[in-house]
Amino acid sequence: MKIEVSSSPPLDFPAPLLVLPLFADESLAGAAAQLSSTLNGLIAEIFEADGFKAKVGDSRLIYNPSGASPRVLLLGLGRRDKFDAEKLRRAAAKAVSAAQSLKKTELAFALPVLETLSVENAALAVAEGLELGAHSFDDFKSDEKPAPLQSATICVESELENAQRGVETAQILAAATLKCRALVNLPSNLKKPETLAQTARDIASEKGLRVEIWDEKRIQDEKMGALWGVGMGSEAPPRFIILEYVPEGFENEAPIALVGKGMSFDTGGYSIKPSTSMEDMKDDMAGAGVVLAAMSALADLKIPRRVLGVIPSAENMVSDRAQRPGDIVTARNGKTIEVLNTDAEGRLILADALVWTCEQKPAAIIDFATLTGAISIALGQEGAGLFSNDDALSASLLSAGEKVGERLWRFPMWEEYREYMKGTVSDLKNIGPERRAGSIAAAIFLEEFVEKGIPWTHLDIAAVSLVKSEKFLTQRGATGFGVRMILDYLRDAEGEKGRRGEGE
Ligand code: BES
Ligand code: MN
Ligand code: ZN
């Protein structure tokens with residue numbers, strides 16, 4: 001989408017649709033007041049007599065044939081004291097659906113003046129909302145598709161250049177998010193571990209990253225018995241994918257490692273899933289999608305950090321070669337695991353990936369995984385679970401999530417949970433006691449494969465990676481949840497170092 005900024009007063013800008021965001025409980029000012037008086041007090045009247053209160057989600061379309069823009073959409077932002085950037089993103093996404101239902105491919109958006117958000121960040125939020133809201137997963141629909149929004153102009157009162165910079169950043173962030181969505185939306189007949197590997201190669205050659213792919217033989221040679229055990233039942237063999245971004249001058253820096261669960265499909269294996277639980281399991285590589293998408297944006301954002309991307313990828317199938325319940329596998333660090341449930345496979349492939357990642361002596365590890373159904377019981381679709389051994393890393397990620405509208409919530413990892421995953425005939429078992437703290441138990445299992453002293457955070461994105469129908473910035477399908485959060489964290493990683501007192 002083409003997004004431009006303009007210093008033209010919104011009411012003078014010629015567009016088929018002008019979006020005018022308004023706060024609740026405020027008297028009309030600026031463009032809204034001006035338009036109202038041109039229209040003999042119409043907007044004031046709508047507020048007073050027609051139930052429009054500019055609450056979050058309220059909207060009203062006005063036809064104004066003599067204006068530069070003949071249609072004006074009033075959009076409620078709610079009360080100013082409750083305002084945050086997410087309100088603006090959602091308003092922009094709502095503006096896109098309004099434009100689409102009016103069959104308009106162009107709109108203008110009046111950027112509100114805000115005390116709590118800079119012009120740059122406000123323009124960034126609007127552009128993100130427009131780009132993400134405009135995307136819909138319809139690649140496989142052959143009937144006529146509605147023309148998508150093609151161009152938008154954000155009208156700003158001042159700081160045109162800052163607004164421009166916000167838009168440029170937003171477009172990189174949105175492109176990465178859409179890349180993640182596209183990967184996750186791809187059905188699993190067209191998506192195998194090798195597909196993710198090839199995507200990594202393509203990203204590496206396009207963006208100048210180092211890439212290394214291990215095949216099933218190398219995986220076994222490297223003693224990744226847990227990853228191999230999960231992948232060995234499928235015709236499509238497992239892959240271990242490594243990407244690295246090393247900006248000039250950062251060759252000696254310890255990398256920040258991003259690890260993503262890359263199950264190209266999860267049937268559950270012999271502990272097979274009921275069919276309704278299986279139908280969305282193409283999204284079991286959403287963690288890998290976040291990592292691939294984030295890696296693809298680092299060079300464009302000129303992130304001043306070395307970043308390692310790690311993806312264990314496999315397809316969890318049933319066959320005469322597949323892993324059986326009760327099998328005992330040995331992970332790369334020598335720990336033995338009794339696979340009591342072949343559907344708890346994400347933690348197995350991540351175990352080997354975490355061991356290898358720790359060997360690279362990273363400054364921090366952040367893993368993304370559609371790991372447990374239990375996280376949806378705990379949080380619904382309103383946020384992802386955060387599990388960590390490090391308060392500072394958690395705090396930075398929590399605040400990045402809050403800032404970009406991808407909420408995270410921290411769970412405890414109390415010592416006592418360790419008992420849950422202790423093995424009877426092996427070091428560990430891959431499931432805990434039935435129905436008890438399922439998401440925490442999975443995180444506790446992962447921690448067994450993280451070297452002491454390395455700051456690590458696990459993000460369980462199982463409930464937020466896909467939506468069945470429109471939710472805020474996603475029309476349907478994959479959300480790309482996590483991409484903007486981690487990129488915001490990495491953009492700010494220099495600042496974080498300062499807060500931790502580790503300045504160079
Ligand atoms: N991929 C699933 C988790 C999942 C569930 C992702 C729903 C997206 C939506 C994971 O591999 C899994 O099957 N977990 C099991 C673990 C259990 C067997 C201990 C689960 O959550 O049921
Ligand atoms: Mn599973
Ligand atoms: Zn899974």
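Keep in mind that this is a model prediction, so the values were computed, not measured. First listed ligand is number 1; within each ligand, the first listed atom is number 1.
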N/O pairs closer than 3.5 Å, ligand 1 and protein:
residue, atom, partner, partner atom, Å
ligand 1, 1 (N), K261, NZ, 3.4
ligand 1, 1 (N), D266, OD2, 3.2
ligand 1, 1 (N), D284, OD1, 2.8
ligand 1, 1 (N), D284, OD2, 3.0
ligand 1, 1 (N), T370, O, 3.4
ligand 1, 11 (O), K261, NZ, 3.2
ligand 1, 11 (O), D266, OD2, 2.9
ligand 1, 11 (O), D343, O, 3.2
ligand 1, 11 (O), E345, OE1, 2.8
ligand 1, 11 (O), E345, OE2, 2.9
ligand 1, 13 (O), K273, NZ, 2.7
ligand 1, 13 (O), D343, O, 3.0
ligand 1, 13 (O), D343, OD1, 2.8
ligand 1, 13 (O), D343, OD2, 3.2
ligand 1, 14 (N), L371, O, 3.4
ligand 1, 21 (O), G373, N, 2.7

Quiz item: Where is the tightest heavy-atom contact between V19 and A95, given as atom of each residue plus distance?
Solution: CG2-CB, 3.7 Å
Exercise. Flag the pair K468 and D280 as a salt bridge only when some basic side-chain nitrogen lies within less than 4.0 angstrom of an acidic carboxylate oxygen.
Key: yes
Quiz item: Is it true that the side chains of T474 and R181 contain a donor and an acceptor less than 3.5 Å apart?
Solution: yes
Quiz item: Between W456 and F387, does the ring centre distance come in under 6.0 Å?
Solution: no
Quiz item: For residues D138 and S136, is any side-chain donor paired with an opposing acceptor at under 3.5 Å?
Solution: yes
Exercise. Mind reading off the angle at the Mn ion (ligand 2) between the OD2 atom of D266 and the O atom of D343, rounded to 10°?
Key: 160°
Quiz item: Which pair of non-hydrogen atoms, one from C180 and one from A286, has the smallest distance, and what is that distance?
Solution: SG-O, 4.3 Å
Self-check item: Considering only N, O or S atoms of D266, the one closest to the Zn ion (ligand 3)
Solution: OD2
Exercise. Evaluate the criterion side-chain contact (heavy atoms from CB on, under 4.5 Å) for residue pair L348 and N430; output intermediate values, then yes/no.
Key: CA-CA 8 Å; L348 295 171; N430 77 331; 3.9 Å; yes
Quiz item: Which residues pass the salt bridge (charged side-chain N to carboxylate O under 4.0 Å, His left out) test with K192, sequence neighbours left out?
Solution: E315
Quiz prompt | N/O/S atom name from E345 that is nearest to the position of the Zn ion (ligand 3) | solution = OE2
Practice problem: Specify which N/O/S atom of E345 comes nearest to the Mn ion (ligand 2), by atom name. | Solution: OE1
Quiz item: To the nearest 10°, how many degrees is the angle K261 NZ to the Zn ion (ligand 3) to D284 OD2?
Solution: 100°
